[in-house]
Amino acid sequence: PTGELDGAAAIEVHRAIAELARAAGTSVLLVSHDPAAAAYVDRTVTLRDGRVVEEGRGASRALVVSDSGWVRLPDGLRSQVGIGGRATIAAGTDGLTLTPAAPFPQTAPPAATPAVAPPSDAGWTPATVELRALERRFREPAGTRVVLDGLSHAFAAGALTVVTGPSGSGKTTLLRLLAGLDRPDGGAVVLDGRALAGLDGEALAMTRRERIGVLAQEALLAGFLSARENLALALQIRGRACAATLRRASDLLEELGLADRADHRAATLSAGELQRLGLARALLCGRGLVLVDEPTSRLDRANAELAAGRLALAAARDAQTVICATHDPALIAVAQHELRLSAVAPRATDPDRGRSAQAAPAGGPR
Ligand code: ADP
Ligand code: MG
């Protein structure tokens, strides 16, 4: 329930769930990858690859040992002591000790790994994107909500910029304006020196097809097609399906940990797998500009770091200007720039919140 909320809002939601459960005497089953959730629950069951691997009650946690002896090593500890594909085990007085195993002697020389060709020679340059006094307000029955109030910013071309700010501060609104999926009430979005306001719907769609990869908060994928076919479809629509781009699609699936899901139908993928598939599609379709909205909200830590690393690489190697709405520290850590939006002023006539600092323009709902 808290994947797309900022830290403060997540605490409120967790508290409310715990209080309501206790007050109503109700059992609650909470599905989450937010480690902070553990502080509000009585029992934690951790799943990995379809198995229960860890259990916690209060402050105590334990690995689960199955009847047939399976145990899963926690990722952090495993990499900390450098256990790769093999380990040796020895019994001591109070437990078992796992040690990284020395590699087996090579029986054949390893195949030479082909050099990875950066796709930036495919003929695009990073997009330049500028906001000039951008305004967006929403008229609602209860009043006018000013979401973006004269925002100006020049995004660094070929760099990863994170757009941060509390839930409801306008991150999604801004990304939709950048993609030409919404129109501002004032000011301008200038892409490659050209104001989007001058383009009609068809020209905007053409610009997106030519230049922009988009991952919305809800990635829309074709459930009856496989992961690989979803990427092929996106290329086909843009008239760009060829051996080289289909190979790039496969590489992206692999880089985002989806190689073994490539031929499964999207309808059978988990929420996190779908989010990574949507990210792969945005990275595949972007030719200079990649816009992604909370791309790690449904991912566990390890996958969030994978996605963050791949987005950073898109900027550093693939000539993409990457703009990413997020509150995930893993993404903020790898970004070169941060554009922080402040909380939206309450509705101009919101009776609960009193008077707003933002004056409401005259006029009723549109
Ligand atoms: P964030 O992505 O930062 O969480 P959003 O951009 O989704 O925030 O929303 C910012 C504010 O604008 C919220 O208060 C939201 O309710 C409001 N808002 C967004 N889209 C609309 C819309 N189409 N109509 C009315 N209000 C909207
Ligand atoms: Mg949002």
Side-chain angles (χ1 to χ4, degrees), residues 1-13 34 129 131 134-153 155 160-187 189 196 201 204 212-220 271-272 274-275 278-279 282 290-299 304 307-308 311 322-332 335 337-361 363-366:
T2 59
E4 284 158 24
L5 301 181
D6 63 65
I11 289 173
E12 268 183 58
V13 168
D34 181 353
V129 184
L131 313 175
L134 196 65
E135 286 175 35
R136 186 71 178 106
R137 30 182 187 270
F138 294 108
R139 286 166 197 96
E140 301 169 337
T144 296
R145 193 183 282 265
V146 180
V147 176
L148 300 173
D149 190 13
L151 180 65
S152 294
H153 184 78
F155 290 92
L160 167 58
T161 299
V162 285
V163 178
T164 61
S167 306
S169 57
K171 301 182 292 297
T172 296
T173 301
L174 175 59
L175 288 195
R176 288 177 51 77
L177 290 167
L178 287 171
L181 294 167
D182 187 18
R183 303 270 192 187
D185 294 299
V189 173
L196 293 188
L204 283 173
I212 312 180
V214 180
L215 170 63
Q217 236 165 319
E218 296 294 332
L220 219 55
L274 282 176
Q275 193 166 40
L279 179 58
V290 173
L291 303 172
V292 287
D293 198 352
E294 310 250 23
T296 60
S297 62
R298 288 154 197 184
L299 306 185
L311 281 165
V322 184
I323 303 175
C324 171
T326 190
H327 53 259
D328 186 338
L331 270 163
I332 296 170
H337 303 280
E338 178 172 356
L339 171 62
R340 197 168 166 75
L341 303 183
S342 46
V344 173
R347 266 188 224 101
T349 55
D350 188 338
D352 295 337
R353 299 247 181 106
R355 297 146 313 282
S356 160
Q358 313 265 6
R366 242 196 324 206

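These values consider heavy atoms only, across backbone and side chains, with no hydrogens, waters or symmetry-generated copies. Every number for a ligand or one of its atoms is a count from 1 in the order of the listing. Bear in mind the structure is a predicted one, so any value in this text is a computation, not a measurement.
Of all the heavy atoms in Leu299 and Gly272, the pair that sits closest is CD2-O, 3.3 Å. Glu218 and Arg298 make their closest contact through OE2-NH2, 2.9 Å (heavy atoms, listed as atom of the first residue, atom of the second, distance). Across all their heavy atoms, Arg183 and Leu196 have their closest contact at NH1-O, 3.5 Å. In terms of heavy-atom proximity, Gln275 sits nearest to Glu294 at NE2-O, 2.8 Å.
Heavy-atom contacts of Glu140 reach the following atoms of ligand 1: 25 (C), 26 (N) (cutoff under 4.0 Å). Close contacts of ligand 1 with Arg145, meaning ligand atoms under 4.0 Å from a residue heavy atom, involve 14 (O), 17 (C). Residue Ser167 has at least one heavy-atom neighbour below 4.0 Å for each of these atoms of ligand 1: 4 (O).
Looking at Val147 next to ligand 1, no N or O pair under 3.5 Å apart turns up. Checked by distance only, ligand 1 and Gly170 come closer than 3.5 Å through their nitrogen or oxygen atoms. Polar contact with ligand 1: present for Ser169 (N/O pair, distance under 3.5 Å).
At the top of the distance list for atom 24 (N) of ligand 1, counting protein heavy atoms only, stands Phe138 CD2, 3.5 Å. Of all protein heavy atoms, the one lying nearest to atom 7 (O) of ligand 1 is Thr172 CB, 3.5 Å. For atom 5 (P) of ligand 1, the nearest protein heavy atom (residue, atom name, distance) is Thr173 OG1, 3.7 Å.
Judged by distance alone, with hydrogens and angles left aside, the side-chain atoms of Arg176 form a donor-acceptor pair with the main-chain N or O of Leu181 at under 3.5 Å.
Counting heavy atoms from C-beta on, the side chains of Pro295 and Leu311 come closer than 4.5 Å. Counting only heavy atoms from C-beta outward, the side chains of Leu131 and Leu148 never approach each other to under 4.5 Å. Residues Lys171 and Cys324 have side chains not in contact (no heavy-atom distance under 4.5 Å, counting atoms from C-beta outward).
For atom 1 (P) of ligand 1, the nearest non-hydrogen atom from the set Gly165, Gly168, Pro166 comes from Gly168. When Glu294, Lys171, Gln217 are checked for heavy-atom proximity to atom 3 (O) of ligand 1, Lys171 turns out nearest.
For the atom pair CD of Gln217 and CG of Asp293, the computed distance is 4.0 Å after rounding to the nearest 0.5 Å.
Within the coordination shell of the Mg ion (ligand 2), defined by N, O or S atoms under 2.8 Å, Thr173 is absent. The Mg ion (ligand 2) has an N, O or S atom of Gln217 closer than 2.8 Å.
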